[in-house]
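Okay, so here's the structure we're looking at.
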Amino acid sequence: MDILKVKNYEEMSKTAAEYIIKEVRQYPSIKLGLATGSTPVGTYKHLIEDHKSNGTSYKDVTTFNLDEYIGLSGNHPSSYRYFMNSILFDHLDISKKNTYIPSGVANDMEKECFDYERLLDRRAGIDLQILGIGSNGHIGFNEPGTSFSSKTHLVDLAQSTREANARFFSNLDEVPDQAITMGISTIMKSKEILLLVSGEAKSEATKQLLAGNIAEQFPASILRKHTNVKIIADKAALAEIRVHS
Ligand code: F6R
């Protein structure tokens, strides 16, 4: 894993955006894997600014998001579809029909999982997957204990994850108990992974990721087996680890 140490959240966001923009310009029909949460928001802002000022085009780009809450339709302000539309897609020239997010309200969730996985396979997978990490080591919504061979599936959210995400809802009770998420093996099929980590709250997780065992109890640890992972982490996230900057 290549680790790039940056000063702070803003530098992480700028560096990540520059990398993504370079890829999009070089491969206009790139397939991007996208994450939600707070970590990539700054990166997305930079993509929008660049699109507006330099005209980088997303008209041939396809995106696949990692996850969605069960029970929330795309119109719900706390759904990941709504989040992605409002913080990114609505501000780019991307065609919405090329932005895929698993549905949290499909009648047959088993079929939805199967179809999402098949869609990714048919489209020959993700070229560049953007990831954040949960403080318990989750990637996507793959909570500790998830099988490394998992495909797109339904998960029960850990209480710590519901609490961490309550800030996107009016109160904790509104945070769904379940989500649909790409599995660990789905994520690992991405040709390249860009993991963004910022802040002191992630320093334990970062240490565990880089120096702990590769174990299902810490899902992100599997990334050490991927041959093309770049980590952009700020000083605060790397506080527990010695890295040459
Ligand atoms: C979001 C996702 C999650 C987040 C993680 C970190 O689509 O898949 O794994 O990346 O929960 O969230 P933040 O960035 O809010 O700290």
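Here the structure is a predicted model, which is why all the values come from computation and not from measurement.
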Please check if [X] and [Y] belong to a single hydrophobic cluster, counting links between Ile, Leu, Val, Met, Phe, Trp and Tyr side chain heavy atoms closer than 4.5 Å.
{"X": "F168", "Y": "V155", "answer": "yes"}
{"X": "L92", "Y": "L34", "answer": "yes"}
{"X": "L196", "Y": "M188", "answer": "no"}

Do you see a donor-acceptor pair shorter than 3.5 Å between the side chains of [X] and [Y]?
{"X": "E174", "Y": "S78", "result": "no"}
{"X": "Y116", "Y": "E68", "result": "no"}
{"X": "R81", "Y": "S73", "result": "no"}

Out of curiosity, [X] [atom1] to [Y] [atom2], how far, rounded to the nearest 0.5 Å?
{"X": "N228", "Y": "Q129", "atom1": "CG", "atom2": "CD", "value": "13.0 Å"}
{"X": "M1", "Y": "L223", "atom1": "CE", "atom2": "CG", "value": "6.5 Å"}
{"X": "H46", "Y": "T15", "atom1": "NE2", "atom2": "OG1", "value": "8.5 Å"}

Counterpart residues, salt bridge (Lys or Arg N to Asp or Glu O under 4.0 Å), relative to [X] (two or more places apart):
{"X": "K14", "value": "E18"}
{"X": "R224", "value": "none"}
{"X": "E163", "value": "none"}
{"X": "D121", "value": "K189"}

Return the minimal non-hydrogen interatomic distance between G183 and H153, and the atom names on each side.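 Smallest heavy-atom distance, with atoms named: CA-CD2, 4.0 Å.
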Restricting to non-hydrogen atoms, name the atom on V229 and the atom on H226 that form the minimum distance, rounded to 0.1 Å.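 The pair with the smallest heavy-atom distance is CG2-CB, 3.5 Å.
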Quick one: hydrophobic cluster around M109, which other residues, with the 4.5 Å side-chain cut-off, linked directly or via members?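 Once heavy-atom contacts under 4.5 Å are chained together, M109 belongs with I70, L154, I180.
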Tell me, yes or no, whether the heavy-atom count around [X] atom [atom1], taken from other residues, nucleotides or ligands under 6.0 Å, exceeds 12.
{"X": "K111", "atom1": "NZ", "value": "no"}
{"X": "D108", "atom1": "CG", "value": "yes"}
{"X": "F148", "atom1": "CZ", "value": "yes"}

Stepwise ring-ring contact (aromatic ring centres under 6.0 Å, His included) test for Y44 and F83: CA-CA 12 Å; Y44 296 157; F83 180 89; 7.6 Å; no
When the ring planes of F141 and Y80 are compared, do they come out parallel, tilted or perpendicular, using 30° and 60° as the limits?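 Answer is parallel, since the angle falls under 30°.
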List in chain and number order the residues that pass side-chain hydrogen bond (donor to acceptor under 3.5 Å, both in side chains) with E240, two or more places apart in sequence or in another chain; answer none if no residue qualifies.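 side-chain hydrogen bond (donor to acceptor under 3.5 Å, both in side chains) list for E240, sorted by chain: empty.
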Only one of T39, I193, V197 passes side-chain contact (heavy atoms from CB on, under 4.5 Å) with L131; say which it is.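 Output: one option passes, namely I193.
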